[in-house]
Amino acid sequence: MNKIYDAIGIGIGPFNLSLAALTNDLREADILFFEQEASFDWHPGMLLEGMDLQTPFIADLVTFADPTNRFSYLNYLHEHNRMYSFFFFNRFTIPREEYNTYCKWVASELNNCQFGQCVTDVKEVPGEFCYAVTVQSIEDGREEIHYAKHIILGTGSIPNIPEALQGFPEEEITHTSRYTYFQNALKQGSSIIVVGSGQSASEVFYDLLKDQKHGGYKLTWFTRSNGIFQKEDTGLGREVFSPEYIDYFHNLAMKDRMESLENLSTIRNGIDPKLLERIYELLYNRSIESPLNQVTIQTNTAVNAIEARTGSKGESYSLQCEQWQKGEKFNYLADKVILATGYKPHLPKWLDNFQEKIEWEDEKRFRVTADYRLVFKDSRENQIYTLTNIEHSHGSSATNLGLSVLRNQKIINSIAGREIYPIPNQAVFQQFEMKKS
């Protein structure tokens, strides 16, 4: 048998990239990472100029665990002669495009990451206390098998497009994750609709609103949310993204956890208040000359289906909508649609090999321990850790970039069998339950 790694990481998004950076020089955790894409690229379809990351720069890939680590954002600035530029930039947040550039730099410096390699299967090796990981080269189709004591699932998420909104040409109806690829074609439309809510919807709407004078198109924003709300940005409010709250949330019953996620929707899905101000300022200034007859913003409105229609001017689309609060249904015509319908966990097919061996909280959600291990029905030393599909078990922190380092600290400590990276305690000023005396 070939070398047995301590772990193999599957997928290299920001979460596993952080884990790779924290273990690249670590003897206690020999981990190899595979990614099917040819190189690192973080949400390239939404890298709009001028849009900032929603987490401060200090929440980079390594700093919360090791501020002296060579893969910190500050060292990236230093290595690229951008330290003074960033100092005069004078912000705690950073452009999303630069975060992607920073991650690309980290990926290029690591020796434990292999790109262009697709993991097609993971199986247990009988009697060997390890997993066999089949990896296929995207370039030439050649397959290799690697072995590891543990697996780390970091396959991230994929666009969540309702079935009734699928099957149309992407240059006419596309998800926000692909927006910049079809940006120019979309702006050729005479009527454009943004469907959905949250940060992505607002960024696309703002980009379209800026260019509306030149494009001359009618612009509409429908969201089923009952309002367009800003994210919670106060210190106490954001303490739900803390180690203490994660522990509190994880210990709740499943029903209470799901209710908590619903109650925290504005914190999880709220929009950057500065962006909302920019949108409103633009709307206000446009309204000075004449009423905004070419702009429609409507909440409480669901888009349930889309039908193609061919007319004298070519293809257009009829959206079957409902103002759900009043129960009023209506059709709305457009020739370009951008879907800001969110994302869903990307669970690979090989996970079916363990379907009957792990415990499930419901039909779609597996049980996950506090240190991110899948719960097997038998006791075992060889674990599958997951950074994917954990919102139900670890709350809003599941998709939060600022907490990726904390998750990885726990995983590294668990794999190493000792505390490599100390876990912070008493990190926040509030408590979430009455402490026992």
Side-chain angles (χ1 to χ4, degrees), residues 37-52 95-97 100-101 156-224 271 275 278-279 282-283 286 292-298 301-321 331-344 346:
E37 298 297 331
S39 62
F40 184 94
D41 215 3
W42 182 69
H43 293 306
M46 275 299 291
L47 292 180
L48 293 168
E49 186 178 29
M51 294 302 169
D52 288 346
R96 188 186 292 126
E97 188 173 1
N100 187 46
T101 303
S157 58
I158 55 176
N160 181 27
I161 304 176
E163 188 174 348
L165 310 184
Q166 297 177 13
F168 302 100
E170 277 200 276
E171 65 273 14
E172 296 177 355
I173 298 180
T174 193
H175 190 267
T176 51
S177 61
R178 307 270 293 167
Y179 175 69
T180 60
Y181 300 148
F182 304 102
Q183 188 174 7
N184 293 333
L186 291 166
K187 290 178 181 178
Q188 297 304 309
S190 60
S191 177
I192 307 174
I193 300 181
V194 179
V195 179
S197 60
Q199 185 68 24
S200 294
S202 59
E203 289 180 8
V204 168
F205 179 80
Y206 179 65
D207 183 69
L208 292 167
L209 186 63
K210 284 192 302 179
D211 286 352
Q212 187 182 27
K213 271 192 172 182
H214 306 293
Y217 43 76
K218 180 180 179 182
L219 180 59
T220 302
W221 184 2
F222 285 153
T223 170
R224 65 172 295 110
I271 301 167
L275 177 58
R278 288 157 69 184
I279 291 173
L282 193 50
L283 291 169
R286 291 267 178 90
L292 294 177
N293 297 324
Q294 291 293 95
V295 178
T296 299
I297 302 172
Q298 184 168 312
T301 300
V303 176
N304 298 319
I306 298 177
E307 291 183 355
R309 300 180 61 170
T310 302
S312 58
K313 296 182 179 181
E315 196 86 322
S316 65
Y317 298 92
S318 175
L319 281 67
Q320 298 175 14
C321 307
N331 291 334
Y332 200 86
L333 294 179
D335 48 21
K336 306 291 181 181
V337 183
I338 300 100
L339 303 172
T341 47
Y343 296 83
K344 61 183 178 181
H346 177 215

For the atom pair [atom1] ([X]) and [atom2] ([Y]), what is the distance rounded to the nearest 0.5 Å?
{"X": "Leu48", "Y": "Lys210", "atom1": "CG", "atom2": "NZ", "result": "7.5 Å"}
{"X": "Ile338", "Y": "Ile193", "atom1": "CD1", "atom2": "CD1", "result": "9.0 Å"}
{"X": "Tyr332", "Y": "Ile306", "atom1": "OH", "atom2": "CD1", "result": "13.5 Å"}
{"X": "Ile158", "Y": "His175", "atom1": "CD1", "atom2": "NE2", "result": "10.0 Å"}
{"X": "Ile271", "Y": "Tyr206", "atom1": "CD1", "atom2": "OH", "result": "14.0 Å"}
{"X": "Ser318", "Y": "Leu333", "atom1": "OG", "atom2": "CG", "result": "5.5 Å"}

Nearest heavy-atom pair of [X] and [Y]: which atoms, and what distance?
{"X": "Cys321", "Y": "Thr301", "answer": "CB-CG2, 4.2 Å"}
{"X": "Ala302", "Y": "Arg224", "answer": "CB-NH1, 3.2 Å"}
{"X": "Ser157", "Y": "Tyr343", "answer": "OG-CB, 3.7 Å"}
{"X": "Val295", "Y": "Gln212", "answer": "CG2-OE1, 3.4 Å"}

Does some side-chain heavy atom of [Y] sit less than 4.5 Å from a side-chain heavy atom of [X]?
{"X": "Lys336", "Y": "Ile173", "answer": "no"}
{"X": "Val337", "Y": "Leu319", "answer": "yes"}
{"X": "Arg286", "Y": "Leu209", "answer": "yes"}
{"X": "Asn100", "Y": "Leu47", "answer": "yes"}
{"X": "Ser200", "Y": "Tyr179", "answer": "no"}
{"X": "Gln183", "Y": "Val204", "answer": "no"}
{"X": "Thr220", "Y": "Val194", "answer": "no"}

Any donor-acceptor pair under 3.5 Å linking the side chain of [X] with the backbone of [Y]?
{"X": "Gln166", "Y": "Ile161", "result": "yes"}
{"X": "Trp221", "Y": "Gly196", "result": "yes"}
{"X": "Thr174", "Y": "Glu171", "result": "no"}
{"X": "His43", "Y": "Gly45", "result": "no"}
{"X": "Tyr217", "Y": "Leu208", "result": "yes"}

Open item on the list: Run Met51 and Leu275 through side chain to side chain contact (heavy atoms under 4.5 Å, CB included) and show every step you take.
Closed with: CA-CA 9 Å; Met51 294 302 169; Leu275 177 58; 3.9 Å; yes
TODO: Decide, yes or no, whether a salt bridge links Arg309 with Asp335 under the criterion of side-chain N to carboxylate O below 4.0 Å.
DONE: no
Task: Electrostatic pair Glu203:Arg96 at N-O distance under 4.0 angstrom - done: yes
Open item on the list: Run the side chain to side chain contact (heavy atoms under 4.5 Å, CB included) test on Glu170 and Leu186 for me, step by step, so that the C-alpha distance in whole Å, both residues' side-chain angles and the decisive distance to 0.1 Å come before the verdict.
Closed with: CA-CA 9 Å; Glu170 277 200 276; Leu186 291 166; over 6 Å; no
Task: Side-chain donor-acceptor contact under 3.5 Å, Asn331 with Glu307 - done: no
